Amino acid sequence: MSKRLITIDDLAAFTFAGSPALSIDGLQAVYVVTKTDLNQNGYSSSLYWTDGEHSPKPLTYTYNDTLLEKHHHPIFSSDGTYVYYLSNRTGIDQVWRIPVSGGESEQVTDFKEGTNDFTLCPDGQKLVCQTTKKDKKKSDNPDVTVVTRLRYLQNGKGFVDGTTALHLCSIVDRHQELITNPHCDAELPTFSPDGSQLYFCMGKPQPDQSDYLLDLYVYDFSTRTTKRIYKALGSIKEIQISPDGQTVALAGNDDGECTPENISILLVPAAGGLAKNLTKNKYLSLGNFIGTDVRFDDAHHLIQWAKDGQSLTYLVQDGAISGLKSINLNGEIATVFMRKKKVMTSFSMNNDKIIAILSTPLSTGDLYFLGNGDTIRQASDHNQELFNQLDLNEPTPFTYDGADNWKIDGWVLMPPKAARTAKKVPVVLEIHGGPAAAYGESFNHEFQCLAAQGYAVVYTNPRGSRGYGAEFCAGCYGDWGRKDKLDILKGLDYVLANYPECDPDRQFVTGGSYGGFMTNTLVGTTNRFRAAVTQRSICNLYNFYGTSDIGYYFLTRYFNGADLWSDEDTLMQFSPIRYANQVKTPTCIIHSEQDHRCPIEQAEQWYTALRRLGVETRFVRIKGENHELSRSGRPKNRLTRLQEIIDWFQHYNSLALSPNE
């Protein structure tokens with residue numbers, strides 16, 4: 001069968017696997033399958049079941065033509081007869097359950113505010129749900145919003161107008177009971193192995209005056225009492241209780257909310273006490289930070305205890321790949337699963353058996369059963385028929401010397417032969433956000449689309465990226481747009497020097513978020529690029545401090561305690577807006593109007609400055625989208641975004657061609 005070049009529209013044809021859950025005996029798996037619905041301009045998801053021996057089959061179905069149904073967050077009952085999950089089929093997320101043998105789903109909860117998260121008790125008789133308790137209205141005028149919180153905005157949600165609370169729910173009689181302080185945010189509910197206690201994280205009643213860290217608490221069902229057992233020194237991402245119930249393992253850190261330090265495994269006595277950082281002196285952080293635009297996968301677990309309680313298995317990124325390692329209580333580490341050109345995005349473990357979602361440079365991710373001796377068995381293959389049609393190249397990795405001779409990872413994706421229309425190939429430099437994110441051995445639809453249009457795509461992991469240790473991640477603290485910029489440009493120069501088919505006269509650049517900041521920085525400090533596309537970008541750090549949903553505490557840490565009233569010049573000297581009068585590069589600005597992470601006022605400032613200075617500039621504003629447009633925005637808006645990027649580069653690429661090319 002002849003193959004064709006990938007297109008923008010192929011984004012809507014992919015099926016996405018994620019959020020795997022393993023039964024208690026480790027013999028059955030359920031995972032979430034997400035598909036694009038162009039008619040409703042969104043995504044629907046359902047649950048699929050497999051035992052690893054038979055092809056996955058749907059466990060739930062979506063029937064509604066007027067509602068984008070989403071079935072997600074599956075959990076097996078302890079006896080393996082039911083799968084509990086969240087579904088919005090009534091218009092708002094509630095807990096439902098369905099027999100593993102098949103049949104009709106049954107609604108379990110009916111919270112007015114819906115359910116954000118839940119956990120199931122080992123006895124199968126009750127569950128604990130996280131809901132949002134709305135604040136009392138501060139004005140009777142529906143046109144008026146009165147703000148009294150310091151953190152009153154959240155990207156993707158808008159105004160914060162309530163606190164999260166935990167409710168105990170009886171599955172038998174549907175009785176509901178509030179068990180946490182309604183004035184404090186509570187999350188991450190986790191039952192003890194015998195179901196007698198609930199561990200969870202809870203914040204302070206007035207976090208504006210203290211801090212926003214959530215401490216670890218335990219609720220005893222017999223005495224109906226709550227006790228704080230660990231005062232957090234940093235963020236907590238997950239709670240796992242040892243099989244004997246004596247130790248609480250936390251995935252988190254002990255270095256504040258925003259930190260270059262690794263996400264570690266912290267061990268806390270179940271009765272309370274000091275935390276032992278089990279991975280404090282280890283090189284890598286828990287988690288997977290490798291970005292892509294073809295993933296719908298909620299990694300529900302970062303850590304899980306072994307059956308004997310003597311070790312923990314954890315998800316970890318090592319440079320361009322991610323997988324599983326284990327650590328025993330003495331701090332000795334072993335590799336469970338880590339392979340070249342494999343990125344693990346989530347896993348589930350029970351009875352010492354493991355399932356995981358694995359992606360590669362030429363796959364969006366599928367479900368695998370992992371066996372002893374690093375063996376794997378692929379259970380799903382959702383996109384193979386589509387990939388068989390596509391003429392794709394695999395990115396070529398390389399390592400080079402960045403600033404200070406730091407070793408930096410990079411990749412170049414060359415266009416397929418069918419896409420090459422000239423002797424020389426134009427080059428697009430892509431820059432990731434974060435900056436504590438990364439590129440890696442994942443399939444990226446945007447990069448492949450650019451390659452299909454005849455571009456070589458170059459991307460790197462400069463200092464500040466995750467996956468290379470805490471020192472590397474801290475490398476850009478207090479130094480945005482300086483040595484990290486050199487790391488990036490040296491990667492581009494490496495490709496131009498080692499791939500003679502790449503045209504140094506036709507260089508283009510794009511990036512989003514911090515990558516947008518860096519794009520703005522580059523065009524303000526060099527004229528080497530024919531055109532630029534800056535996305536969800538930052539141009540003025542001083543303004544970002546007070547308008548972003550994370551601005552003040554994010555920048556305070558990244559710029560060594562900088563504040564508006566004492567460090568204005570520090571923040572401005574790193575701000576691209578200060579160098580706008582040096583920009584000559586034609587620039588397309590793409591920004592979502594509901595972006596609260598990098599507010600659209602940043603794009604407005606950059607557009608006004610460039611247009612006023614006579615730079616060829618195009619401003620693409622996208623309604624109803626937030627900071628996650630490129631990853632999970634409405635499909636038609638994502639397709640438009642990609643078309644805008646390609647059209648902008650194509651226009652200036654054609655202008656750049658000489659008569660002999």
Side-chain angles (χ1 to χ4, degrees), residues 7-12 36 38 41-42 155-156 291 293 426 428-433 444-447 449-450 452-453 455 457 508-524 529-540 543-544 547-548 576-577 580 583-655:
T7 68
I8 290 174
D9 291 338
D10 284 322
L11 179 62
T36 301
L38 283 177
N41 198 19
N155 183 65
D293 57 358
V428 173
L429 173 64
E430 289 266 5
I431 308 172
H432 71 64
N444 193 299
H445 174 255
E446 177 180 324
F447 297 178
C449 282
L450 286 166
Q453 295 295 322
Y455 296 88
V457 183
F508 302 85
V509 62
T510 186
S513 196
Y514 164 83
F517 163 89
M518 192 60 70
T519 299
N520 296 342
T521 297
L522 285 172
V523 299
F529 297 102
R530 290 285 184 176
V533 178
T534 183
Q535 306 172 60
R536 59 186 189 279
S537 75
I538 303 168
C539 71
N540 187 326
N543 282 28
F544 176 83
T547 56
S548 166
I577 196 75
V583 177
K584 305 297 182 187
T585 307
T587 300
C588 177
I589 302 168
I590 301 177
H591 217 107
S592 299
E593 294 193 346
Q594 300 303 313
D595 190 337
H596 295 308
R597 185 61 39 86
C598 296
I600 197 168
E601 62 89 16
Q602 294 282 321
E604 291 167 342
Q605 287 189 63
W606 195 235
Y607 176 74
T608 299
L610 298 190
R611 289 295 293 189
R612 180 176 169 226
L613 291 164
V615 179
E616 295 177 74
T617 313
R618 178 179 175 86
F619 189 6
V620 181
R621 303 171 62 109
I622 302 183
K623 295 180 179 179
E625 298 292 353
N626 59 58
H627 199 64
E628 301 303 310
L629 167 65
S630 64
R631 296 177 282 258
S632 59
R634 284 174 288 181
K636 292 180 181 179
N637 291 339
R638 294 177 69 186
L639 300 180
T640 296
R641 168 190 165 273
L642 285 168
Q643 193 66 60
E644 289 285 348
I645 294 170
I646 289 173
D647 287 352
W648 189 255
F649 287 157
Q650 290 288 65
H651 174 71
Y652 289 97
N653 182 44
S654 63
L655 293 179

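None of these values were measured; they are calculated from a predicted model. The first residue in the sequence is number 1, and the count goes up from there.
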Could you tell me the separation between the CG atom of Leu629 and the CG atom of Asp595, rounded to the nearest 0.5 Å? 9.0 Å
Please assess Ile622 against Ile590 for the test side chain to side chain contact (heavy atoms under 4.5 Å, CB included), listing each intermediate value before the final yes or no. CA-CA 8 Å; Ile622 302 183; Ile590 301 177; 4.1 Å; yes
As a quick check of understanding, evaluate side chain to side chain contact (heavy atoms under 4.5 Å, CB included) for Asn653 and Gln453, giving each step before the final call. CA-CA 11 Å; Asn653 182 44; Gln453 295 295 322; over 6 Å; no
Could you tell me whether a side-chain N or O of Asn520 sits under 3.5 Å from a main-chain N or O of Pro576, the two making a donor and an acceptor? no
Backbone of Lys636 reached by a side-chain donor or acceptor of Asn41 within 3.5 Å: yes
Provide the closest heavy-atom pair for Phe544 versus Cys598 in the form atom of the first, atom of the second, distance. CE1-SG, 4.1 Å
Looking at Thr510, Val509, Asn444, Thr519, which hits side-chain contact (heavy atoms from CB on, under 4.5 Å) with Glu430? Thr510
On a heavy-atom basis, which atom in Thr617 and which in Leu610 lie closest, and how many Å separate them? OG1-CB, 3.4 Å
The reported gap from OG1 in Thr521 to CD1 in Ile577 (rounded to nearest 0.5 angstrom) is 11.0 Å
Say you draw a straight line from CG of Leu11 to OG of Ser630; how long is it, rounded to the nearest 0.5 Å? 10.0 Å
As an exercise, state the distance from CZ of Arg597 to CD of Gln602, rounded to the nearest 0.5 Å. 13.5 Å
For residues 605-622, which residue pairs pass the salt bridge (charged side-chain N to carboxylate O under 4.0 Å, His left out) check, not counting sequence neighbours? Glu593-Arg621, Glu604-Arg621, Arg618-Glu644
Run through His591, Arg536, Arg641, Arg634 and flag the one making a side chain to side chain donor-acceptor pair (under 3.5 Å) with Glu625. Arg634
Looking only at non-hydrogen atoms, find the nearest pair between Ala603 and Ile589 and report the distance. CB-CG2, 3.7 Å
Criterion side chain to side chain contact (heavy atoms under 4.5 Å, CB included) on Glu446 and Leu642, from CA distance to verdict: CA-CA 7 Å; Glu446 177 180 324; Leu642 285 168; 3.6 Å; yes
Is Asp293 reaching over with its side chain to a backbone N or O of His445, donor-acceptor style, under 3.5 angstrom? yes
Return each pair, listed once, that meets ring pair (Phe, Tyr, Trp, His ring centres under 6.0 Å) where at least one residue sits in residues 596-624; pairs must be two or more places apart or across chains. Tyr607-Phe619
Do you know which two heavy atoms are closest between Thr7 and Cys449, and how far apart they sit? O-SG, 3.5 Å
Heavy-atom closest contact (Ala531 atom, Trp648 atom, distance): CB-NE1, 3.7 Å
Determine whether a donor-acceptor pair (N or O, by modelled atom type, separation under 3.5 Å) exists between the side chain of Thr534 and the backbone of Gly516. yes
In Å and rounded to the nearest 0.5 Å, what is the OG to CD distance from Ser548 to Glu601? 9.5 Å
Does Phe517 offer a backbone N or O that forms a donor-acceptor pair with the side chain of Ser537 under 3.5 Å? no
List the atom of Gln650, the atom of Tyr455, and the distance in Å for their closest heavy-atom pair. OE1-OH, 2.6 Å
Between Phe508 and Tyr652, does the ring centre distance come in under 6.0 Å? no
Nearest-0.5 Å distance that lies between atom CD1 in Ile8 and atom CG in Leu639: 7.0 Å
Could you note down all residue pairs passing ring pair (Phe, Tyr, Trp, His ring centres under 6.0 Å) where residues 623-645 supplies at least one of them, sequence neighbours left out? none
Do Val615 and Val523 pass the side chain to side chain contact (heavy atoms under 4.5 Å, CB included) test, and can you show the C-alpha distance, the side-chain angles, and the key distance before you say yes or no? CA-CA 11 Å; Val615 179; Val523 299; over 6 Å; no
Just by distance, do the side chain of Thr547 and the backbone of Asn543 share a donor-acceptor pair under 3.5 Å? yes
